[in-house]
Amino acid sequence: MKTTKLCPVQKNEKYVVTIEDLTYEGFGVAKVEGYPIFIENALPGEEVETLVLKVGKQFAFGKVLQFLEKSEHRVDDENMQWIRTGIAPLHHLAYPEQLKFKQSQVENVFTRIAKMPEVSVLPTIGMEEPRAYRNKAQIPVRSLEGKLETGFFRKNSHDLVPLEDYYIQDKEIDRAITVVREIMRKFQVKAYNEQENTGNLRHIIVRRGHYTHQMMIVLVTRTPKLFQHEKMVKEIVAFLPEVTSIIQNIHPERTNVILGKEEKVLYGEPYITDTLFGKVYHISAQSFYQVNTSQTEKLYQTAIEFAKLTPEDVVIDAYCGIGTIGLSLAEKVKQVYGVEMAKSAIRDAKLNAMANEIENISFETGKAEYVMKKWQEEAISVDVVFVDPPRKGLDPHFIEATVEMKPKKLIYISCNPATLARDAKILAEKGYKIEKVQPVDMFPQTAHVETIVLLQRI
Ligand code: SAH
């Protein structure tokens, strides 16, 4: 016989609750008879009256009707657009508390996922000015009431919320988006319509070198046509003299992926340059580049210190992007091998090695799991392996090949604590001891957590 268990809360009802926790997305968590309600803009320790908006089997969503008691850690100038779009979902929490929250997220995964409660996690390395740090913006373009608009999607939707102040982006990037938007309106460019896959301009992407101030504008269009683009380009450069690269990326497909495969250079170079530790880097539109430059320097510096490199060491930089980690440490070691899947990134990496006159580094295009296997079969002797994989973490074949190569140290840089804990556990079982776990705040005001782990062969 089927019994229906009554849910302890009902939709459209009000409840007075105390917030006990914060989720990975930055929702406050309250419990009614053990059943969780996720509440936007509510912080641990707060007592709120909530209206339940949505009820599911495992949990509900609610909104705050009134605060009965506020947290002492609340920064009282919350902007609901930044919370609702997910641009800065934690900006209402005082920064030192954000850093503690990130440290405890990493502690939690090591306890819960890796079942290694003995692992101790260092305090998060924060940012002095944790605002206006992003060197890149990817801004969707849509038509609202017949007008081309730029902004950000509401969380879990594709409803555009028009914005001009993005808070965590370089202010010059915010300004550039508004300028380009005005020029697109003037030339009557049609905004993309996602439902019908019609219209033309899908995204405006802006990148700005943190140190060089070189700016790249990418116009992502559905069709190759961009009527009067010569005139548009002239206006963009006239209003934004920092611009050294304008690219049209053509993307006809109906998908959430932002960039298409084909691109045309409309103005200047196909890349911008920036520097890290004084070394110059070419960055193409399609290549990955860390979005928070000053924290990237802290991240790499810490990772390199953990490795305690010597002039005899042979190092692998896996998932190397445009080669930034390998090139930052090449002068300290004998030889570096980089591997990366994206062709454009490897093209940039090779240019970067040349531009910095670094000769003891080589790069291979391919999936890290295959190339690592190949290196293992070639019996390359390796002392230290740096890995910096995407969110899904390391491929089991990659781990297998790495362990076979017996490097003394592994430096694992991760943007996803859950897959990091999973992989660290496997590596621990295969003879690597977790020596240090260091979160670095690459994404202030958001719930994203970046972590460096030093693993040492026993
Ligand atoms: N270490 C670099 C890039 C890190 S981002 C930096 O700090 O800038 C992760 C990189 O891994 C991206 O450039 C992505 O293209 C690449 N990548 C993703 N999956 C991969 C795979 N299976 N093999 C090799 N590279 C991969």
Side-chain angles (χ1 to χ4, degrees), residues 125 133-136 138 207 209-211 257-259 261 271-277 279-304 306-307 315-330 336-353 356 361-376 384-402 410-416 419-420 423 438 440-443 448-453:
I125 298 176
Y133 58 83
R134 280 189 67 102
N135 60 28
K136 178 184 176 183
Q138 310 196 96
R207 257 183 170 154
H210 178 79
Y211 292 109
V257 178
I258 292 178
L259 285 171
K261 291 191 183 78
Y271 49 76
I272 56 165
T273 63
D274 198 13
T275 65
L276 288 171
F277 305 112
K279 290 207 167 61
V280 63
Y281 291 100
H282 296 70
I283 309 154
S284 304
Q286 301 265 1
S287 300
F288 176 90
Y289 185 64
Q290 298 284 358
V291 296
N292 185 337
T293 313
S294 61
Q295 287 298 93
T296 299
E297 289 182 321
K298 287 190 200 159
L299 179 80
Y300 290 179
Q301 192 179 351
T302 308
I304 293 169
F306 280 6
V315 175
I316 285 177
D317 177 7
Y319 308 85
C320 68
I322 63 170
T324 42
I325 295 176
L327 290 165
S328 299
L329 60 79
V336 186
Y337 298 93
V339 54
E340 158 67 45
M341 192 172 82
K343 285 198 186 96
S344 77
I346 289 291
R347 222 180 311 123
D348 291 344
K350 288 181 175 166
L351 270 178
N352 295 335
N356 296 295
I361 191 162
S362 64
F363 294 103
E364 288 216 28
T365 317
K367 289 203 166 181
E369 48 274 32
Y370 301 140
V371 175
M372 203 66 179
K373 186 80 199 147
K374 192 195 87 178
W375 284 337
Q376 181 220 326
V384 184
V385 176
F386 286 77
V387 299
D388 185 7
R391 292 189 62 77
K392 68 171 190 252
L394 298 177
D395 187 282
H397 293 104
F398 181 93
I399 296 183
E400 213 172 281
T402 305
L410 269 166
I411 315 287
Y412 191 146
I413 302 176
S414 157
C415 56
N416 183 352
T419 54
L420 168 68
D423 294 343
Q438 175 67 73
V440 180
D441 194 18
M442 300 291 280
F443 312 99
H448 290 284
V449 186
E450 189 91 9
T451 315
I452 310 169
V453 177

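Every number for a ligand or one of its atoms is a count from 1 in the order of the listing. Remember, predicted model here, so these are calculated numbers, not experimental data.
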_Check this for me: K343, atom NZ, are more than 12 non-hydrogen atoms of other residues, nucleotides or ligands nearer than 6.0 Å?_
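Counting other residues, nucleotides and ligands, NZ of K343 stays at 12 neighbours or fewer.
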Judged by modelled atom types alone, do [X] and [Y] share a side-chain donor-acceptor pair under 3.5 Å?
X    : Y    : result
N352 : H282 : yes
Y412 : D423 : yes
S344 : S284 : no
Q295 : K298 : yes

*Under the ring-ring contact (aromatic ring centres under 6.0 Å, His included) test, which residues partner F386, sequence neighbours left out?*
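Per chain and number, F386 pairs via ring-ring contact (aromatic ring centres under 6.0 Å, His included) with no residue.
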Is there at least one pair of N or O atoms, one from [X] and one from ligand 1, spaced under 3.5 Å apart?
X    : result
I325 : no
D317 : no
M341 : yes
Y289 : no

State the atoms of ligand 1, each with its element, that fall below the 4.0 Å cut-off from a heavy-atom position in [X].
X    : value
A368 : 21 (C), 23 (N), 24 (C)
T324 : 6 (C), 7 (O), 8 (O)
K367 : 23 (N)

Say whether [X] and ligand 1 are in contact under the criterion: heavy-atom distance to a ligand atom below 4.0 Å.
X    : result
V339 : no
K392 : no
G366 : yes
C320 : yes
Y300 : yes

_Looking at non-hydrogen atoms alone, which of L394, D388, D395 comes nearest to atom 1 (N) of ligand 1?_
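Going through L394, D388, D395 one by one, D388 has the nearest heavy atom to atom 1 (N) of ligand 1.
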Of the protein's non-hydrogen atoms, which lies at the shortest distance from [atom], and what is that distance?
atom                    : value
atom 26 (C) of ligand 1 : Y319 CD2, 3.5 Å
atom 13 (O) of ligand 1 : E340 OE1, 2.8 Å
atom 19 (N) of ligand 1 : P390 CG, 3.7 Å
atom 22 (N) of ligand 1 : E369 OE1, 3.2 Å

*Which one holds for S287 and ligand 1: side chain close, backbone close, both close, or neither close, with close meaning a heavy atom under 4.0 Å?*
neither
*Beyond-backbone contact of S328 with Y281, side-chain heavy atoms, under 4.5 angstrom*: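 Heavy-atom side-chain distance check passes, below 4.5 Å.
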*asked:* Is the shortest side-chain heavy-atom distance between M372 and K367 below 4.5 Å?
replied: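 Counting from C-beta outward, M372 and K367 never come under 4.5 Å.
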*Does the gap between the ring centers of F398 and Y319 come in under 6.0 Å?*
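Under 6.0 Å, so yes.
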_Donor-acceptor contact below 3.5 Å, side chain Q138 vs main chain I258_ = no
*Which atom pair, heavy atoms only, marks the closest approach of E450 to D388?*
OE2-OD1, 4.4 Å
